[in-house]
Amino acid sequence: MYMSTDEIRRAFLAFFESKGHQIVESSSLVPANDPTLLFTNAGMNQFKDTFLGLEKRNYTRATTAQRCVRAGGKHNDLENVGFTARHHTFFEMLGNFSFGDYFKQDAIKFAWEFLTVTLKLPADRLLVTVYETDDEAFEIWNKDVGVPADRIVRIGDKKGGKPFESDNFWQMGDTGPCGPCTEIFYDHGDHIWGGRPGTPEEDGDRFIEIWNNVFMQFNRQADGTMDPLPKPSVDTGMGIERISAIMQGVHSNYEIDIFQTLIKDAAAVIGHDDLGNQSLRVVADHIRSCAFLIADGVMPSNEGRGYVLRRIIRRAVRHGNKLGAKGAFFYKLAAPLAEIMGTAGEELKKQLEMVEKVLKIEEDNFGRTLDRGMTILAEALDNLDGKVLDGETVFKLYDTYGFPADLTNDVARERGFSIDEEGFNNAMEAQRQRARDAGQFGVDYNDAIKVDAETEFCGYGATEGQAKVVALYREGEAVEAINAGEEALIVLDNTPFYAESGGQCGDTGAMTADGVQFVVADTQKFGNAIGHSGKQAEGSLKVGDKLTATVDAARRAATSLNHSATHLLHAALRNLLGEHVTQKGSLVKPEGLRFDFSHLEAVKPEELREIERVVNEQIRINHAINTDVTDIESAKEKGAMALFGEKYDDEVRVLSMGDFSVELCGGIHAANTGDIGLFKIVSEGGIAAGIRRIEAVTGEAAIAALHDQEALLAETASLVKSDAASVATKVSALVAHSKQLEKEIQQLKDKLAAQESAGLINQVQEINGVKVLVTKLDGADNKALRGMVDELKNQLGSGIVVLGNVSGDKVGLIAGVTKDLTSKVKAGELVNLVAQQVGGKGGGRPDMAQAGGTDAAALPAALESVTPWLVEKL
C-alpha cells in the first residue's frame, strides 16, 4: 500500500491520538534550555526533564513527529551523507511516549498494531530484537503478539565491554534513567545482502531497523548499581524516511517522494541531467537541515551551531559546483522543500524569505572564501620545503575554507606535490573527538536537584502572600532545616515571586516570620516547583514553617515596564523591518532591556528613530495591557506570537496591547502601556550572522539617558568652543582639518622615506651576481617601509631587499624580491628567517612579505644571518 511521507506522518499521529496520546508539536532544532545538546537529535529531547522527574506535564502520554539534526557532537557522520542509503543530516523521528503510564505490554502492542494493521505491513517481513535478559519483552512478543520465537533475537552486551553496553540497552548518560530496548526490523528480502541482527553480516542492508522501543526501567548510580525507577516510562522512535521507503516500495531513503522531488529540483537549478548522481543526493539532504536550522534561529558563524550549519551549506555548494553550478543555486531549493514537507513545512513557509536570504548571502560569501583558500593553498605550495604538504595545512583548508582533502590533493598533484594524508586524518579525528566531547551530558542525573512538590504562582496580582515551606536544599542536598548565615534554596507551596522565564529575571525580596528572615537573591524554576535562592539572615527555618513572602515591589515594577516595552518593540520591528523579524532572545531587568532578533543587516539610524517613535506613540495611546488565559490553538487563531525558546502548556496567557501587539507570554507586565512613560534605544548591533541586538531603557532610566546625552553634548560643545546648536558643524570642520593635516604629514614621511632609500642604495652588495640590500633602520615610519622597498626594487631593477626597523620596543621587518628571483628566494621565507630570531612571525607574497617582532636587541645578529642564507639559495 503506497503512502506519501506526509500521509504516514499524519497517520502515525492520528493512531496514537486514538490511543489517548497528546499530539505535541515538534520542538525547535535548538534544544530549549539544554546546554548538553548541540541540536535536537531525538524525539525524546523535549521530554528529557519530564523523564528526569524535573518537569510535570498535564498529560502522561504524548506523540510527536520531531525534526532532528545529526551533524555535530557524537552523532557526526557528515561525510557519509549522500553516499549511503540511510545517512542524513536532517530526519524526522516519529515517537510515542509514556511518562509513568503504560509500559512494555502496551508499547509493544501499539507498535505492532500500527505497522501491521494501519500500515498493513506483512508480519512475516518483520523481525524483533530484545535485550538478552529481558524475558518479559520476549514473552510479550512471543505469547501476546504472536511473533514466532525464531523471529525474536536476543542481543547481549558487547564483547569486552562494560555491563549493559549493548545495542539493546539504552542509557541517558553514565548515570540516570536507563533500560532495555526492543527493536523492530524490516526484511527487504534475500535479494539484498545482509544478515539478521547479532550476526556477522548484520551491517548489510537486508534487515533494516525501523522502530525502537526504549523501556526506562532503572536509575543507574555512579557505582553501577541499577535501582528500579518508581515510574517506568516508554520512549520510542521510528525514522519517517525509513518507513516511507518501505511503504513506497523502494530500498534507499533517497528514492522516497521527498528526496526524489528535491533531487529533481536540485538538478534543474544546477543544470545537471544525471538524477542518479550522488552529489545531487548531498544537495537534497543538506537543504533540509540548512533550511530548518535557519528557520529555528541558527545562523552561519565560525563557532558552535552556526559553524556546523556553515559546514553543511559549504558542503552542499561544493557538490553543486562539482556538477557545474554557475552562481548561487542552493537557496532556490528552500521553497520547493517547504512544499514537499507537507504538514512539517508550515513553520518553514513562514520563515521562507529569511531562509532564502541567509542561504544566498552565505553562498555568495563562500564563493569569495574559495578564492581566498586557493590563494592560501598556492602560497603554501610556493613556500613548501620538500614535496609533501603537511596535514595541518590540509585540515585548515578543509575546516576553514571548505576544501575537501581530495581537492587540495588534486591542486597539489598538478604542481608535482602530494599531501600528508595521515596527518590530515589525525587532525580530522581530533576534531571529531572534540565534537563528541562537546555533545556529552555533563551533569550527573543523581546530582541534580529533583523536586516532587509543585508551587502555585500567585504573583500576577500581588507582591506579598502567606506560604508554607515544602522543601529546603543546601548545596544541592535536601535538608530539614537551615540556620542563620547559611545559603540555601527554599521551595514554597505557593509564592508571589516570579521565577526567571522568557527572558524576565527572577524576583528578589524577603521571607519573614517572628524572628526569622530569609533574603531572596534569585528565583528559578525546578520543573513545576519554584525555588528561592538566598541566605538565612536571621533565625532558623525548617520544612513546614509558615512565612510571609514579600517581593521587592519597586524592582518588580521597573522590570515589568521593560518587559511590556519588549512586546511593543517586537511589534514595531516586524511592522517596520518586515515579517521575517522574529525574537531570538531577550533579557528583561529593572535597569533596562535587551532584545535579539533576526535581521540580515544593520538597522539604519533613520529606522531606529522611526522604531523609537512608533513605540513611544503606542505608549502615549495608553493601551490597556490585557491578559486572556486560553488553549494554545485558540491563542494561535487570535494571531498570538510564541516567543523564542519558550515551552507552553495547553493553557497559555495571551497578552495584548490593543491590536498592535498580541503575544503568548507568562511574564509580569504593566497595567497600561502609558505606565512605561518613555522608551529610549541605547544601542543596536550585530551579535551573530543575521542576528541583531537592541538595548533600550524605559521610564526614569530613559529620562536619565536623555540627560546624559544632553550633558555629553554640552561638554563637546564646550571643548570645540561652540554652542549645542552648532556643535555638529564645528566638529565636522575640525575633522576635515585633521584629515588634511594627516595627509600632509604622510606626504612628508613619504618624502623622507624616499630620501632615506636613495641613501641606502649605496649599501647594496652582490651575492653570486645578485644585488642584495640588508640594513637596519631606527625610528622609521613602519607604514612607509613598503613604499621604501618598492622604490629600492625599482632602483635595483633585479635584486633582494631586507629592512629591519626599530621603533620604540617593537621591530618591523619587510622583505622584497624582484619577480625574476622569486623562483630561488621567496620573501615570506626570508622575512620569517629574521622574524623567528626577534620573537615574531609574518608572511606575505613571494615578492613582498612583512613581519613584526619584540626583541630589538636581537635584530643586528638576525640581519647578519641573511647573507649566509642567501649564499645557499643563490
Does Arg154 count as lying over the ring of Phe138, i.e. NZ or CZ under 6.0 Å from the six-ring centre, within 45 degrees of the axis? yes
For this session: Taking Arg305 for its side chain and Leu38 for its backbone only, find out whether a donor-acceptor pair lies under 3.5 Å.
Result: yes
ask   = Can you say whether the rings of Phe12 and Phe16 are parallel (under 30°), tilted (30 to 60°) or perpendicular (over 60°)?
value = tilted
CE of Met93 to CE of Met238, rounded to nearest 0.5 Å, is 9.5 Å
Is the distance from the ring center of Phe114 to that of Phe110 below 6.0 Å? no
**Prompt:** Is Thr182 reaching over with its side chain to a backbone N or O of Asn213, donor-acceptor style, under 3.5 angstrom?
**Reply:** no
Sorted by chain and number, sequence neighbours left out, ring pair (Phe, Tyr, Trp, His ring centres under 6.0 Å) with His188 holds for Tyr186, His251
Q. Going by atom types alone, do Thr236 and Asn96 pair a side-chain donor with an acceptor below 3.5 Å?
A. yes
For residues 237-250, the side chain to side chain donor-acceptor pair (under 3.5 Å) pairs (sequence neighbours left out) are Thr5-Ser244, Glu241-Arg288, Gln248-Asp257
| query | Heavy-atom distance under 4.5 Å between the side chains of Leu359 and Ile287, does that happen here? | reply | yes
- Task: Could you tell me whether Lys360 and Asp364 have a side-chain N and a carboxylate O separated by less than 4.0 Å?
- Result: yes
Hits for salt bridge (Lys or Arg N to Asp or Glu O under 4.0 Å) against Lys349, two or more places apart or cross-chain, chain-then-number order -> Glu339, Glu346
Note to self: Could you check whether any side-chain N or O of Arg314 sits under 3.5 Å from a backbone N or O of Phe366, counting only pairs where one atom can act as donor and the other as acceptor?
What the structure shows: no
Taking every heavy atom of Ile312 against every heavy atom of Cys290, the minimum-distance pair comes out as CG2-SG, 3.5 Å
request  = Measure the shortest side-chain to side-chain distance between Thr582 and Lys350 over non-hydrogen atoms and say whether it is less than 4.5 angstrom.
outcome  = no
Exceeds 12 heavy-atom contacts within 6.0 angstrom, atom CD of Glu25:
no
Could you tell me whether the side chain of Asp101 and the main chain of Arg61 form a donor-acceptor pair under 3.5 Å? no
Interatomic distance, CG@Asp205 vs CZ@Phe207, rounded to 0.5 Å, equals 12.0 Å
May I ask you to decide if Asn425's main-chain N or O and Glu429's side chain share a donor-acceptor pair within less than 3.5 Å? no
For Gln66 and Asn45, which I'm curious about, is there any donor-acceptor pair between the side chains at under 3.5 Å? no
Notebook entry, point to check: Do Phe97 and Val24 have side chains that get closer than 4.5 Å, going by heavy atoms?
Noted result: no
Output for pair (Asp106 CG, Glu113 CD), nearest 0.5 Å, gives 10.5 Å
- Just by distance, do the side chain of Ser26 and the backbone of Arg67 share a donor-acceptor pair under 3.5 Å? yes
Quiz item: Around atom CG of Asp274, are there more than 12 heavy atoms of other residues, nucleotides or ligands at under 6.0 Å?
Solution: yes
In this structure, CD of Gln171 is separated from OG of Ser166 (nearest 0.5 Å) by 10.0 Å
One should read off an interatomic distance between Met1 CE and Leu119 CG, to the nearest 0.5 angstrom, of 6.0 Å
Any non-hydrogen side-chain atom of Tyr331 less than 4.5 Å from a side-chain atom of Ile361? no
| Is it true that a side-chain atom of Asp157 and a backbone atom of Phe164 form a donor plus acceptor pair closer than 3.5 Å? | yes
Are Met341 and Leu337 side-chain neighbours, meaning at least one heavy-atom pair lies under 4.5 Å? yes
On a heavy-atom basis, the closest approach of Arg151 and Leu126 is NE-O, 2.9 Å
What's the verdict on side-chain contact (heavy atoms from CB on, under 4.5 Å) for Met247 and Ile256, showing C-alpha distance, side-chain angles and the deciding distance?
CA-CA 9 Å; Met247 296 304 297; Ile256 68 174; over 6 Å; no
- Task: Decide yes or no on side-chain contact (heavy atoms from CB on, under 4.5 Å) for His286 and Thr89, but give the supporting numbers first.
- Result: CA-CA 7 Å; His286 288 10; Thr89 56; 3.8 Å; yes
Practice problem: Kindly say whether the aromatic ring centers of Phe330 and His319 come within a distance under 6.0 Å. | Solution: no
Given the rule in the side-chain contact (heavy atoms from CB on, under 4.5 Å) test, do Val153 and Thr199 qualify, once you have shown the distances and angles that lead to the verdict?
CA-CA 10 Å; Val153 181; Thr199 68; over 6 Å; no
Exercise. Assert yes or no for the condition that the ring centre distance of His272 to Phe329 is strictly below 6.0 Å.
Key: no
salt_bridge(Asp6, Arg9) N-O dist < 4.0 Å = yes
- Query: When the ring planes of Trp112 and Trp141 are compared, do they come out parallel, tilted or perpendicular, using 30° and 60° as the limits?
  - Reply: perpendicular
All heavy atoms of Ala335 vs all of Glu356, minimum pair found to be CB-OE2, 3.9 Å
Nearest heavy-atom contact between Ala245 and Asn253 is CB-OD1, 4.0 Å
Smallest heavy-atom separation, Thr40 atom then Ser28 atom, equals OG1-O, 2.8 Å
Distance col, row Glu255:CD vs Arg281:CZ, nearest 0.5 angstrom, shows 7.0 Å
Derivation and outcome, side-chain contact (heavy atoms from CB on, under 4.5 Å), residues His580 and Leu352: CA-CA 8 Å; His580 65 277; Leu352 188 57; over 6 Å; no
Gln278 and Tyr254, any side-chain heavy atoms less than 4.5 Å apart: no
*Indicate yes or no: does Asp167 engage Lys158 in a salt bridge with an N to O separation below 4.0 Å.*
yes
**Carboxylate-amine/guanidinium proximity below 4.0 Å for Lys104 and Asp134** = yes
*Verify the ring-centre separation between Tyr131 and Phe169: is it less than 6.0 angstrom?*
yes
Do Phe292 and Gln351 make a side-chain contact, defined as non-hydrogen atoms from C-beta onward lying under 4.5 Å apart?
no
| said: Do Pro197 and Phe185 have side chains that approach each other closer than 4.5 Å (heavy atoms only, starting at C-beta)? | reply: yes
Heavy atoms of Ala295 and Lys584 approach each other most closely as O-NZ, 4.1 Å
